[in-house]
Structure formats: structure tokens, C-alpha cells
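One structure below.
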Amino acid sequence: MAFLEELWSFDPSFGSAVGRHEYDEFLTIKDKKWKDSFLAFIKKHENRRVVEDEIDNSLIQNFLKESQWELEIFKSYEWDPSEYNVAASFDSIVSNRDLSEEQKSKILKRKLTFVPAYYQAAKENIHHPTKEHLELSIQQTKGLIKFFDAEVLKRANNQPARDAVLDYLAWEEGLLKNPEPVGGFRSFRIGEKLYNEKFAFNMVSTTTPKELYESALRQKKETLKTITTIAKALWSKYFPDKKSPDRDIDVVRKVIEKVSLQHTPAEKFVEEIKKQIPNLEKFVNHHKLITMDPSKPLKVRETPEYQQDATGMSIDSPGVFEPYRETYYNVTPPTKLSKEEQESFLREYNDYTLQILNIHEAVPGHYVQLIYNNQSPSVIKAIFGNGATIEGWAVYAERMMLEAGYGRDTPELSLMYWKWFLRVITNTLIDYGVHTQNLSKEEALRLMMEDAFQEKQEAEGKWNRAKVYQGQLATYFFGFSEIYRLREDLKAKNNNFNLREFHEKFLSYGSAPISTIRSAMINN
Ligand code: ZN
Ligand code: ZN
């Protein structure tokens, strides 16, 4: 498609990231020349019909408007030094199983020649950064050097490229001590105006952040009521000879603590996840919730060593141009953590929460959504995927499974589900609070640990995330709310509403914004 080819010609990293491997050997150098040509590209295509399909065209227009806003208004390329990191781009070559070692060396060799110019442009762009993004970048650049040494340079040695990364790191460390050369630090809080604008672009929605925030506050109350009822009913099972505490919140906390002790040992963590996936598939098939493609099995595996940055679980799926590649469920077992951290992690991902996690990541969450996404006849819908649609679907999948009766006879599972959902709600409160309401760290930790029963480690991590990824934490609750609302509206409109059909129709639009899918589905 002419539009995409043109886009990739000056942003080859984008093409490479979506699986067009002829762009693998390049890097996008974000210098002045690049900015000017990107703006010219935007001007040329904005407010025009670029492609025939109306939905595809609206996705392209969203992308152009958002890109323009980022270049001219938001300008994170000036204040977020962590935007400059070539790790993911190099990792996609190193971890590409379709390439021979010889091919890898060849691509890496060429790609490495762009690294000095890449970091030179970075240094020229950075102005008035936030301290938090600088710190994040320093940490990630250190990781990049390790990754270069372990995986890249042994395949294609290039000392100037390594020196350029080391130089960027030294430059960043210098700025941390004295940011005067780049105009000092700015606050990590982006403020209400930019937050609202970013929200509108990310969510493609007329719902305001304030409305979402207020909805989150209401649902927090409701969710706490539900959790309290379940916890009270479980009290005597877990504390048979003990009078329950006076305050409801203490009952909930104690029951959650006790139930969390039921968890798999660290060394069986991967195996346990592997075991659960077929059960979830069986449930989905039996209840006719969505049709699954048996020819695209999910492979649960331990995250490859060099990709293990933090403990966590994620889906590693093929790009839209390489549907033949396998889909992996990467699981980083907590075996490398200290005994204490391990225990905290395993309690968080206890026997019940682990099932919710698997629903979210795999069946019928991200993995199933991504398969439908890549089958979508429109490449545009698959490429310009909307984050709120993707996360919203996974969160919706959790609720939908429970509504279909998953774990119906296990109140512990419901308890942990609602605790998990409370986390989704709280993410929105934190995100909005941090960027528009001057929310302090102390209050944020209180919201998470006291009101939402989270572990300290989890809460601290969330606080750090909210500071550097504006708006991201709100996508989960936003996406869930909008998909749920769409479903209920269609149910009310249609006497023959069929859940499976709704799911398949919804996913057939790829990862288009929910508002776009809504207009298409409500009008058909
Ligand atoms: Zn334990
Ligand atoms: Zn997710």
C-alpha cells in the first residue's frame, strides 16, 4: 500500500516493528530533517481519503493527528530520554527464529552503522527533560549495553556503535548530576490540558478523563461492597475459631492474606500455567464464548534469558506480516528473586489470581484477541492497533468468563477476581491523580495498599510506572468500560443477542478504537 510504503521509507523502524523485514537493517534517526519530512507527510495526507475503507481511513487520520500533536505540542522526544533506545529494534533481529545466524550477522552489521547518528540526534533533541525519564533511560541504557555485549556484538562487532551507547549513558549520567546544559528538569506531571489531549488521542473517545475518573470512584465503592460480602462469607472457613474484626476492611484484608497463601512453588510456576491453558480453552469451547483456531496453538515457555528484564508474563505474538510465526506465552518464573520477594510474588499470583492472569493474557484474552487481529482482512486495522481496545478486551474477558460461570463454585476465585478488578480501577485513579491532581506518593501508596489490598512491591512499581507512562494505566478500565457498555447496549437493542457472535464480530474489527467499532456495530 502506497501510504504505508511512504511512511516506512522515512520511518523504517515502524515497518520493521510490524514485521516488514526489508526494513530490519535500518534505524529511524529522529533529527530535524526527519521531523520536517514527517510533518510534510502528515500535511500531505491529513483530512484526505488515503484508503478506500472508511474505518481504515479514520484510523490513518487518527494516527496522523496524534503524530502531529506529538511532534508539535507534546514533544516527548525533547523531554523523555528513554524514547531513545535501540534494544527492542535489535532484539527483534536477535530473537527472530526465521533468520539463520549468517543472516542475523549481516543485518546487525548494517544496522549497527546507524547507531552513532541515532544517539547524536537524541542528544540534540533532549531539552528540559524530567528527572524520572532520565533515570529510567539510564537504567535502560545500561541494560542495552549488557544486551549488546551478550547478543549483538558477538554476531557483528562494531566498536563505534558500542562507544555511541556508552557516550549516551555518560552524557545522561552527567545530566543527572547537573541538568543545566539542557535547561534543568521539568515536572513529570504533564498537567490537565496535555493529559486530556493525550487521553482523547489514545482512547479515541469523547469520554473525558474526569468522567472516567468519576466512574472509577463509583465502581470502587461497588467493588468494595462485593469483596466485603465474599470475604465475610469466607471468614469462618479460614478462621473457624476466631471472631471477625470489627472493621469490614480488616476482614477483607485478613481473608485475602489467608487465601493468598495457596500458591504454587516457584519452580512449578511455568508448569502450572501450562496446565491451566487447556482448561480455559475447554471452558470457552463448552460455553460457546468464542471460536478458537486450533491450528494456532499457544506455546507456554520460560522467557528466553536475554529477554528477562523483570519478572512478568506477556504474549509474544507474530506481526501481521508474519502470521506463520508461533505465538508464545512468555513466563518469567520468580526463581531468581530473593526468598522474600519470591514469596510476595507467589502470594500475589496465588492459585486463584493465576487463573485470572491466564484468562487476561491468554484465553480468551490477549492471545485470542491477537489471533483475530492478525486474521483481520485489513492490515491497517492490525497495524494501527488501539491500546485501549487491546487491554480493554483482556479485562473484559476476565469479567465475561466469570459471568459465564467460571469458578462459580469457588468463592476464593471471585474474591481474587474482584481484588484484581479493584487494581484496574485504582490504576485509573492513580494515573489521573498523578498527572492532573498533584497526587502525592504517600497518598498513591495508601490508595493501592490500604484501599486496594496490594503488596508494597506492586504499589511502588505502579507509582513509578504512573510517573513515566502518562495515560497508560487508565486504558484498562476505560477499555473494559466501553466494551462492556457496547455489549449491554447491543443486548438491549437485539432480542436475538448472541454472546459468541458479539465477541467474534467485535474482534473482526482488529484492534480498531472501541468508538469506531461501536459505530460500526450499532449501525449494522
Ligand atoms: Zn508461601
Ligand atoms: Zn494486558
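Indexing begins at 1, ligand by ligand and atom by atom, following the structure's order. Bear in mind that the values here come from a model prediction, so they are computed numbers and not experimental data.
Between Arg500 and Glu504, at least one side-chain N (NZ, or NE/NH1/NH2) sits under 4.0 Å from a carboxylate O, which counts as a salt bridge.
In terms of distance to the Zn ion (ligand 2), the nearest N, O or S atom of His366 is named NE2. For the Zn ion (ligand 2), the nearest N, O or S atom contributed by His360 is named NE2. Taking the Zn ion (ligand 2) as reference, the nearest N/O/S atom within Glu391 carries the name OE1.
Open room surrounds NZ on Lys456; 12 or fewer heavy atoms of other groups in view lie less than 6.0 Å from it.
Trp69 and Phe74 have parallel rings, their planes meeting at less than 30° on a 0 to 90° scale where 60° marks the start of perpendicular. Ring geometry for Trp418 versus Phe421: interplanar angle over 60°, hence perpendicular rather than tilted (30 to 60°).
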